[in-house]
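So the structure is just underneath, and the comments pick up after that.
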Amino acid sequence: MRHSDIPVLFFGGTGRVIFANKAFHRTYQYPEDFMQASPEVSSIIYPCDRQDDESDAAGSVCEVFRPGAFIRAHVVDSEGSGVPSLVSVSEIPGSPLAAATIYPGSPVSSQPAGLHEEKTVRTPAEGRTIPYEIFDTYPHAVIVLSDTACRYYNTAARKLLGKNAFLKDRPPKFRLADNDFSELVNSLRSHTGSSAPDSRMIEDQLRISRTRSIDVEILLVLLPDDFRNILAVFRDITCKKHAESELLKRNNQLLMINEVMKVANSVYTLDEMLEEILQTVIREMDFDLGWIYLRDTDAKWATIVASSGVPERFVEARMRQNVLDYPFNLVFFAMQQHYVENLPNHPPGPIDSKVLEEVDALSYAGIPLISDSVVVGALYIGRRSCYSFSPFEKKTLEMIGSEIGSTILRGILQDRLEDAYSDASLYLDIMLHDIKNANAAVRGYSQRLMDYTREGGDRYATKVRWHTHHITDILDNVTTIRRITDESTEMTPINLDALISAEISQHPEGAIAFMRTGCTVWADGLLSVVFTNLIRNSIKYGGSGVHIWISSEEADHEVTITVEDDGPGLSDDKKLQLFSLFQESTTERGGRGLGLHITRLLIRRYGGKIRPGDRIPGRPESGLSIRFTLRLVEGTEDDAEILY
């Protein structure tokens, strides 16, 4: 509206004008700041048919300037002169405002010249006339119809319909696609009552010739002379309809892309995703067949991973395709869309014709699936009932190819990562199995060696046995790490006292003091590993006769567990490295190493924190203290089930 060539005013329910476009300022010579005075629309536009006694009546603005009204009026310019004009009032969707579109005419004399024997329509109530000259400059076709003939038509009407459409003493004939113009006019004339009926506005297609039609908006107004003459305004809305059609196409494209992306993000495996994408494209775009290629890691071959409606013999023959061969190289290397159509005088080449024959189709298209300027695959789609693709279909397919390429690449990488993880897990299983078997054999032979060695030889046999136990601990730790990464992280309530008591019973050689906690915590069966590692480390590295204490303290929906011993302890520098993955030996008996690293992984898994300290603050030589937190289960009985 701001840049329209037709003057437009916006006004509210009180009649105050809140906006005037540039065409209004230019046509009626108003300054740019005249809107600051908040003028009323009734002070600018004076309807010709308005009664004097209604000029100040309450609600007269809403009555005269109601949406849908078509008003003969004088529009006051900046010098106070009235310019005869026609005013169309319409609603502004989604707003309480209304728009007054003004079609200004030229000043006319009080005695206009005749046209078809009479050039004016007389209004019995006022004795005034409607000067038809104001319609001559309108950009839209304007026609005035009487009972039997056309009384007036302007220049735009003659250009639109041709002068042969207006024969003297005969009503013009308009060919509409969906309506009968004569019936529209007669239904308006059949109105009974003292006041003029509301104007009618319809949209239809006007047939200009046998081969040409245009979209028009037709406004029919019964003139208030004797309610027999009808004013008809034809507005060409072809551009508007084209814009609406394009908007609808864009909306359908977005819906289609959204549907494909929703499918791509709602399935778990790559194969399922590609099958669903293919089915969605075929269903939503009304295709008959299709298949999807994914490029192999060597980039030279592509493999069919999804197909629908394609003959089995084609899938078997084309399962693995060399992407250097024509026409597949156009898609995979040139990154071009390849449309094979049977257009008149432009049949496809022999290779494309062979592909059409193999898939039993009349047309097909190859669309590259692109991610970061790399073709990861190709979508092929076809029809058995159509020889070509519309521009809308081509644009939509190209958008799909560019949108889903990244999603497919993520699926490919995810599949490769899962395959690599599966291979690594398999190799690790084999390794653990073989090492455990070998370690068991070494332990057996070391025991026999201790029984049969000479005096003093048992010292070396003891060392062999100690190292086999160390290897067993390493294998147990690796197995625990695998459980941490493989098993579900779903937490369950666990009775802490029962679990700690069970772990203490596994170490009868240790002097362990335990203060009951009375707590139930959120964890899983691997929580027992935490206490196993801490107790075993205190016994192993605390020396003979070491004492261990386990206590707890509740605060802020969590419990802090303390495991401490009176062993040799650790310096502050060593405490900082205590949970490192590859901790070097801190004593000649070996480092605490992997076990405490696993302990920290588990505490983090349960949403807690762990830290080392001194049993007696400031005296590291008096023993080590390990403190960690666990989340409490509120309102659960102490005999909650232990799951491990």
Side-chain angles (χ1 to χ4, degrees), residues 260 263-264 267-285 287-342 348-371 374-385 389 397-398 400-420 422-423:
V260 171
V263 167
V267 292
Y268 297 101
T269 68
L270 179 62
D271 290 344
E272 290 175 348
M273 178 179 69
L274 295 175
E275 287 285 353
E276 288 294 328
I277 287 175
L278 182 61
Q279 293 295 338
T280 300
V281 174
I282 290 176
R283 180 180 65 253
E284 298 295 330
M285 298 189 67
F287 288 109
D288 298 315
L289 56 96
W291 67 98
I292 294 179
Y293 275 115
L294 282 189
R295 203 166 188 171
D296 293 350
T297 54
D298 61 3
K300 183 179 178 181
W301 295 85
T303 304
I304 294 179
V305 293
S307 63
S308 178
V310 181
E312 292 185 5
R313 61 181 182 278
F314 173 82
V315 176
E316 294 174 356
R318 300 278 188 175
M319 174 60 70
R320 280 180 54 80
Q321 175 63 50
N322 190 326
V323 297
L324 298 176
D325 295 342
Y326 179 88
F328 303 97
N329 59 344
L330 298 177
V331 177
F332 283 94
F333 278 94
M335 293 190 290
Q336 298 177 0
Q337 297 79 26
H338 182 54
Y339 297 100
V340 178
E341 302 173 304
N342 285 293
I351 298 179
D352 286 326
S353 297
K354 182 180 179 182
V355 175
L356 287 175
E357 183 180 351
E358 290 176 350
V359 297
D360 189 23
L362 294 179
S363 59
Y364 82 91
I367 308 298
L369 305 176
I370 302 174
S371 175
V374 176
V375 178
V376 297
L379 167 66
Y380 283 85
I381 210 79
R383 281 203 181 99
R384 295 189 172 95
S385 58
F389 296 87
L397 289 172
E398 292 163 15
I400 291 174
S402 61
E403 289 293 331
I404 66 174
S406 298
T407 303
I408 292 175
L409 179 59
R410 286 196 297 270
I412 294 173
L413 296 178
Q414 179 67 27
D415 270 13
R416 291 177 182 173
L417 180 62
E418 291 177 357
D419 290 342
S422 297
D423 292 343

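These numbers were taken from a predicted model, which means no experiment stands behind them. Residues: numbered from 1 along the sequence shown.
- For Leu356 against Val340, the heavy-atom pair with the smallest separation is CD1-CG1, 3.8 Å.
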**Study point:** Full working for side chain to side chain contact (heavy atoms under 4.5 Å, CB included) between Leu278 and Leu379
**Key:** CA-CA 8 Å; Leu278 182 61; Leu379 167 66; 3.8 Å; yes
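- Between the CZ atom in Phe314 and the CG atom in Leu289 there is a gap of 9.0 Å [rounded to 0.5 Å].
- Remark: side-chain polar atoms of Arg295 are paired, donor with acceptor, to backbone N or O of Phe332 under 3.5 angstrom.
- When all heavy atoms are compared, the tightest approach of Glu275 to Ala306 is OE2-CA, 3.6 Å.
- How far CD of Gln279 is from CG of Leu274: 12.0 Å, rounded to the nearest 0.5 Å.
- For Asp296 and Thr303, the side-chain atoms include at least one donor-acceptor pair closer than 3.5 Å.
- Considering all non-hydrogen atoms of both residues, Phe287 and Gly382 come closest at CB-O, 3.6 Å.
- The residues Arg318 and Glu358 are annotated as salt-bridged, a charged nitrogen and a carboxylate oxygen being separated by less than 4.0 angstrom.
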Point to revise | Leu294 and Leu270: CA distance, side-chain angles, deciding distance, side chain to side chain contact (heavy atoms under 4.5 Å, CB included) verdict | key: CA-CA 11 Å; Leu294 282 189; Leu270 179 62; 3.8 Å; yes
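- Distance check: Gln337 CD to Met335 CE gives 10.5 Å after rounding to the nearest 0.5 Å.
- Contact of the Leu369 side chain with the Val375 side chain is not registered, since no non-hydrogen atoms from C-beta on lie closer than 4.5 Å.
- When side chains are defined from C-beta on, Trp301 does not count as touching Tyr293, because their heavy atoms never get closer than 4.5 Å.
- Annotation for Val323 and Ala302: closest pair CG1-CB, 3.7 Å, computed over non-hydrogen atoms.
- The CG atom of Leu362 sits 6.5 Å away from atom CG of Asn342, with the distance rounded to the nearest 0.5 Å.
- Summarising the geometry of Leu397 relative to Ile367, their closest heavy-atom pair is O-CG2, 3.4 Å, with the distance given to 0.1 Å.
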**Study point:** Evaluation steps, side chain to side chain contact (heavy atoms under 4.5 Å, CB included), between Ile282 and Asp288
**Key:** CA-CA 6 Å; Ile282 290 176; Asp288 298 315; over 6 Å; no
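- With a 4.5 Å cut-off on side-chain heavy atoms, Met285 and Ile400 count as touching.
- When atom types are taken as modelled, the side chain of Glu341 and the backbone of Ser363 share no donor-acceptor pair closer than 3.5 angstrom.
- Considering only heavy atoms from C-beta on, Tyr380 stays 4.5 Å or farther from Val310 through its side chain.
- You'll find the side chain of Ser371 stays beyond 4.5 Å of the side chain of Ile408, heavy atoms only.
- The two residues Gly309 and Arg384 make their nearest non-hydrogen contact at O-NH2, 2.7 Å.
- Looking at heavy atoms from C-beta onward, Asp352 lies in side-chain contact with Tyr326 at the 4.5 angstrom threshold.
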Review point. Are Val331 and Gln336 close enough, and set up right, to give a side chain to side chain contact (heavy atoms under 4.5 Å, CB included), and what steps lead you there?
Key: CA-CA 5 Å; Val331 177; Gln336 298 177 0; over 6 Å; no
